[in-house]
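Single-structure report; data block below.
Bear in mind that the values here come from a model prediction, so they are computed numbers and not experimental data. Every number for a ligand or one of its atoms is a count from 1 in the order of the listing.
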Amino acid sequence: MRITGIELHPIAIADPPLRSSYGLHAPFALRTVVELQTDDGLRGISETYGGDGPLAALEAARSRVLGMDPFQLAGLYRDLAADVEKDTQAAPGGRSQTYLVPGENPLDRHARTHAAIEIACLDLIGKAVGKPACDVIGGRVRDAVPFSAYLFYKHAGGGGVGGDAREDEYGEVLSPEAAVRECRQMIAKYGFREIKLKGGVLDPDIEIATIRALRREFGPSYPLRIDPNCAWSVETSVRVGRELREELSGGGYLEDPCATLEGMGEVRRRLIAEGIHTPQASNVAVTSFADVPQAARLDAVQIVLSDPHYWGGMRQVQYLSHLAGVLGMGLSMHSNSHLGVSLMAMTHVAAACPNLTFACDTHYPWQTAKDEVVTGGRVPIVDGSVRIPDKPGLGVELDYDQLARGRERYQKIPYRKRDDEAEMRQHVDPNWKRILPRW
Ligand code: GKR
Ligand code: MG
């Protein structure tokens with residue numbers, strides 16, 4: 001089997017005005033759908049980050065991928081990584097994700113590009129051998145993968161503009177009471193059994209009150225996690241850890257409370273000194289394999305957040321799962337705004353990682369059927385979980401009319417890169433800047 005064609009579909013999908021320490025989500029999120037064709041008539045698909053940067057990186061890989069046997073993935077990773085090693089040398093001061101929105105770190109470009117190609121190849125391989133992708137990469141340890149209710153503070157609005165404006169299902173959410181309502185709605189609709197609050201938006205005392213209100217409403221059988229994306233100082237992180245000692249216990253965690261592994265290591269030491277063992281998770285201080293041993297040495301991170309989109313694909317996430325296990329760390333999964341193709345890639349790899357024992361993050365509830373590009377509409381989330389379909393590969397196919405609509409939306413909008421800070425200045429506060437730590 002040889003790859004004979006690559007089609008890259010840049011699309012825009014409506015996204016509500018969600019807030020985080022990065023700023024505000026734009027009315028449309030950008031994604032790229034990758035489609036590979038083979039000489040025996042198969043089509044393999046994947047979904048990745050959108051906009052000019054990811055598209056250019058995929059274009060640059062075109063000649064390497066055309067003619068390739070989709071089973072031969074190790075050499076592809078080596079060749080894509082070779083280019084980035086040069087970038088690393090050109091970046092004295094090292095790598096850091098702290099100030100970059102996900103998908104924009106130049107030092108991980110090869111991993112993101114490889115992921116997009118690898119996932120489409122695994123879809124092809126699954127189709128060629130008649131097996132689901134999770135069974136191609138070593139076999140599933142679960143048939144259904146649990147996801148968490150991913151709560152955001154948000155402004156009123158359902159995302160999109162004009163004829164593409166979407167219904168505002170959750171309304172404005174800028175208080176603890178509204179966050180509880182949002183969570184109730186999301187759990188009623190999807191049946192999630194774990195809860196994540198995106199923090200770093202309101203004063204930490206309000207965010208503490210939000211977590212407490214969630215605990216009162218849902219009780220200790222719903223583990224809680226809070227993620228301010230580095231908006232807090234070490235001092236504030238320790239204070240929040242202390243005040244939420246009870247609420248974040250029993251399967252919950254504190255995610256990237258402050259910047260850097262050193263900062264998180266200090267938070268950990270100080271909390272332990274007070275007898276508080278709340279684990280810390282990261283998708284900001286730990287974004288590459290090189291970060292993991294250091295995170296373990298400093299005891300800064302106890303749970304690594306995997307994500308096939310930037311860790312290099314499904315098999316790289318399995319390696320990460322293994323490494324985390326060897327170092328005594330747990331594994332969970334990070335997400336960004338995405339559609340059903342990504343959801344299925346996340347589900348397949350999570351099914352094939354024994355060490356991934358937390359419910360994965362997903363932004364999927366924030367997108368709608370109007371933007372979905374897989375046939376049959378939205379991928380069902382039932383009892384908080386996505387089941388592995390009894391179909392080969394990822395188990396989803398593209399709806400080409402929907403894809404064309406996504407491409408049209410992409411052509412209509414002026415931006416080609418996620419810039420939450422600019423959105424914040426345009427819609428909320430003309431003087432807004434991302435300041436870390438803010439509190
Ligand atoms: O969508 O605004 C967002 C999130 O803040 C996202 O960008 C983060 O990557 O979900 C992510 C996280 O866990 O840090
Ligand atoms: Mg995070």
Contacting atoms of ligand 1, where contact means under 4.0 angstrom from a heavy atom of Asp227: 12 (C), 13 (O), 14 (O)
Starting from atom 6 (C) of ligand 1, what is the nearest protein heavy atom, named by residue and atom, and what distance separates them? Asn336 ND2, 3.2 Å
Please determine if Glu169 and Lys189 form a salt bridge, counting it only when a charged side-chain N lies under 4.0 Å from a carboxylate O. yes
Is Lys196 paired with Glu255 through a side-chain N to carboxylate O contact shorter than 4.0 Å? yes
Can an N, O or S atom be found in Asp256 less than 2.8 Å away from the Mg ion (ligand 2)? no
Nitrogen or oxygen of Tyr22 less than 3.5 angstrom from that of ligand 1: no
Hey, does Leu18 sit under 4.0 Å from ligand 1 if you only count heavy atoms? no
salt_bridge(Arg270, Glu235) N-O dist < 4.0 Å: yes
Closer than 2.8 Å to the Mg ion (ligand 2): does that hold for any N, O or S atom in Asp361? no
For atom 2 (O) of ligand 1, what is the nearest protein heavy atom, given as residue, atom name and distance? His25 NE2, 2.7 Å
Can the ring centres of Phe358 and Tyr253 be said to be less than 6.0 Å apart? yes
Sorted by chain and residue number, the ring pair (Phe, Tyr, Trp, His ring centres under 6.0 Å) partners of His363 (sequence neighbours excluded) come out as Tyr150, Phe152
Under 4.0 Å from a heavy atom of Ser20: give me the atoms of ligand 1 that qualify, with their elements. 2 (O), 5 (O)
Provide the number and element of each atom of ligand 1 under 4.0 Å from a heavy atom of Phe152. 1 (O), 2 (O), 3 (C)
Run the salt-bridge test on Arg166 and Asp164 with the 4.0 Å N-O cut-off and return the result as yes or no. yes
Of the backbone atoms (N, CA, C, O) and the side-chain heavy atoms from C-beta on, which set of Ser335 has a member under 4.0 Å from an atom of ligand 1: side chain, backbone, both, or neither? backbone
Hey, are Ser342 and Arg31 close enough side-chain-wise for a donor-acceptor pair under 3.5 Å? yes
Are any of the side-chain nitrogens in Asp399 or Arg405 under 4.0 Å away from the carboxylate oxygens of its partner? no
Does ligand 1 have any atom sitting under 4.0 Å from a heavy atom of Arg19? no
Regarding Ser282, does it place an N, O or S atom less than 2.8 Å from the Mg ion (ligand 2)? no
Specify which N/O/S atom of Asp227 comes nearest to the Mg ion (ligand 2), by atom name. OD2
Considering only heavy atoms, which of His363, Arg418, Gln97, His334 lies nearest to atom 9 (O) of ligand 1? His334
Determine, for Arg239 against Asp205, whether the closest basic-nitrogen to carboxylate-oxygen distance falls under 4.0 angstrom. yes
Purely on distance, is any nitrogen or oxygen of Lys196 under 3.5 Å from one on ligand 1? yes
Could you tell me which atoms of ligand 1, counted from 1 in the order shown, lie closer than 4.0 angstrom to a heavy atom of Glu255? 12 (C), 13 (O)
Any chance the side chains of His155 and Arg19 put a donor and an acceptor closer than 3.5 Å? yes
Pull out every atom of ligand 1 sitting under 4.0 Å from any heavy atom of Lys198, numbered as shown with elements. 4 (C), 5 (O), 8 (C), 10 (O), 11 (C), 12 (C), 13 (O), 14 (O)
How far is atom 10 (O) of ligand 1 from the closest protein heavy atom, and which atom is that? Tyr150 OH, 2.4 Å
Atoms of ligand 1 under 4.0 Å from any heavy atom of Asn229, numbered from 1 in the order shown, are 5 (O), 12 (C), 14 (O)
Residues Glu47 and His338: side-chain donor-acceptor under 3.5 angstrom: no
Would you say the side-chain atoms of Ser20 and Asn229 include a donor-acceptor pair closer than 3.5 Å? no
